[in-house]
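Down below is the structure, laid out as structure tokens.
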Amino acid sequence: MDLAERRGMETDVYQPAADSRLLAEAAIDRLSDRSSGRMLEVGTGSGYVAAQLRAALQWDVVASDLNPNACREAHDRGIDVVRGDLVEPFGAETFDAVLFNPPYLPTDPSVERDDWMEVALSGGPSGRAVVEPFLETVRRVLRPDGVVLLLVSSLTGMSDVTELAGDAGFSAIAVTTESFPYESLTVLELVQ
Amino acid sequence: MKESLLDVLCCPLDKHDLELEDAVGDDDVESGTLVCTECGERYPIEDGIPNLLPPDMREETPA
């Protein structure tokens, strides 16, 4: 699905799509081997991924989003949600896992719209405008053996993202990949 | 928000602990204020959702 098609969705909260499902399935698979802990889903949107994880695993699940309407929707699903900017409102060494399906579509600034769906989808000209500050700040909130599960699209530049992750002190492992007509989606596991 | 959520939260500006004031609701806080123990910045809890955006990002419209 391309940006234009996604824009056809008349809502101001990103609804679960192929990328959400891929992230939820990969995270359940990867985290079920680990002892129960506490996870954060950044940019939870509708709260779908957080709810899937909470149903499948005995973990404490916390979510955040910038969009107040997304926070409301996730809260109505019973998710503990905080309105905030990426990991800024969370304490140091707090989470055993952080999940993020970021806004990643490369977008021409001259055609960017000023609404919440644009914020949910657009990764700026490079597609990495949100991924980059996320990678720069996420390590602070991870416990020493904590991991990040990050959804990355081929449109965002896989090698650029793994390089940014490396700069932030992570090694990246691709845990699953799925191909679609316009992009392939990969879930990266980032270990410290 | 569950009061236990306070354990994972901090002031988004200086990362110090937050204190809950004027809480309405028991373990599930419906409204109240989270106050930074260091800088004193106040963050509202409305309809069970804490708003921990820095004051300059708090407006309801995007970007």
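Values below: every heavy atom of this structure, side chains too, minus hydrogens, waters and symmetry copies. Residue numbers begin at 1 in each chain, while the letters A, B, ... track the order of the sequences.
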Shortest non-hydrogen separation from Leu52(B) to Pro89(A) and the atoms involved:
CB-CB, 3.5 Å
Side chain, backbone, both or neither of Val62(A) within contact of chain B (heavy atoms, under 4.5 Å):
side chain
When rounded to the nearest 0.5 Å, the distance separating CG of Asp7(B) from CZ of Arg38(A) is 6.5 Å
Does CG in Asp27(B) sit with more than 12 non-hydrogen atoms of other residues, nucleotides or ligands closer than 6.0 Å?
no
Show your reasoning for whether side-chain contact (heavy atoms from CB on, under 4.5 Å) applies to Asp85(A) and Met57(B).
CA-CA 9 Å; Asp85(A) 179 23; Met57(B) 291 178 72; 3.9 Å; yes
Would you say Leu31(A) ends up clustered with Phe95(A) if hydrophobic residues are merged whenever their side chains have heavy atoms under 4.5 Å apart, either directly or through other cluster members?
no
Shared hydrophobic cluster, Leu185(A) / Leu53(A) (ILVMFWY, side-chain heavy atoms < 4.5 Å)
yes
Within a strict 4.5 Å, meaning less than it, do heavy atoms of the Ile49(B) and Val82(A) side chains meet?
no
Please check if Val98(A) and Leu150(A) belong to a single hydrophobic cluster, counting links between Ile, Leu, Val, Met, Phe, Trp and Tyr side chain heavy atoms closer than 4.5 Å.
yes
Honestly curious: do Val161(A) and Val175(A) fall in one hydrophobic cluster under the side-chain, below-4.5 Å linking rule?
no
Mind ranking Pro12(B), Pro54(B), Cys10(B), Cys11(B) by heavy-atom pairs under 4.5 Å with chain A and telling me who comes out on top?
Cys10(B)
Tell me, for Leu5(B) versus chain A, whether the close heavy atoms (under 4.5 Å) come from the side chain, the backbone, both or neither.
side chain
Under a 4.5 Å side-chain heavy-atom rule over Ile, Leu, Val, Met, Phe, Trp and Tyr, are Phe100(A) and Val187(A) clustered together?
no
Pairwise side-chain contact, Asp47(B) with Arg72(A), heavy-atom cut-off 4.5 Å (strictly under):
yes
Answer yes or no: is there a donor N or O on one side and an acceptor on the other, between the side chain of Lys15(B) and the main chain of Glu88(A), under 3.5 Å?
yes
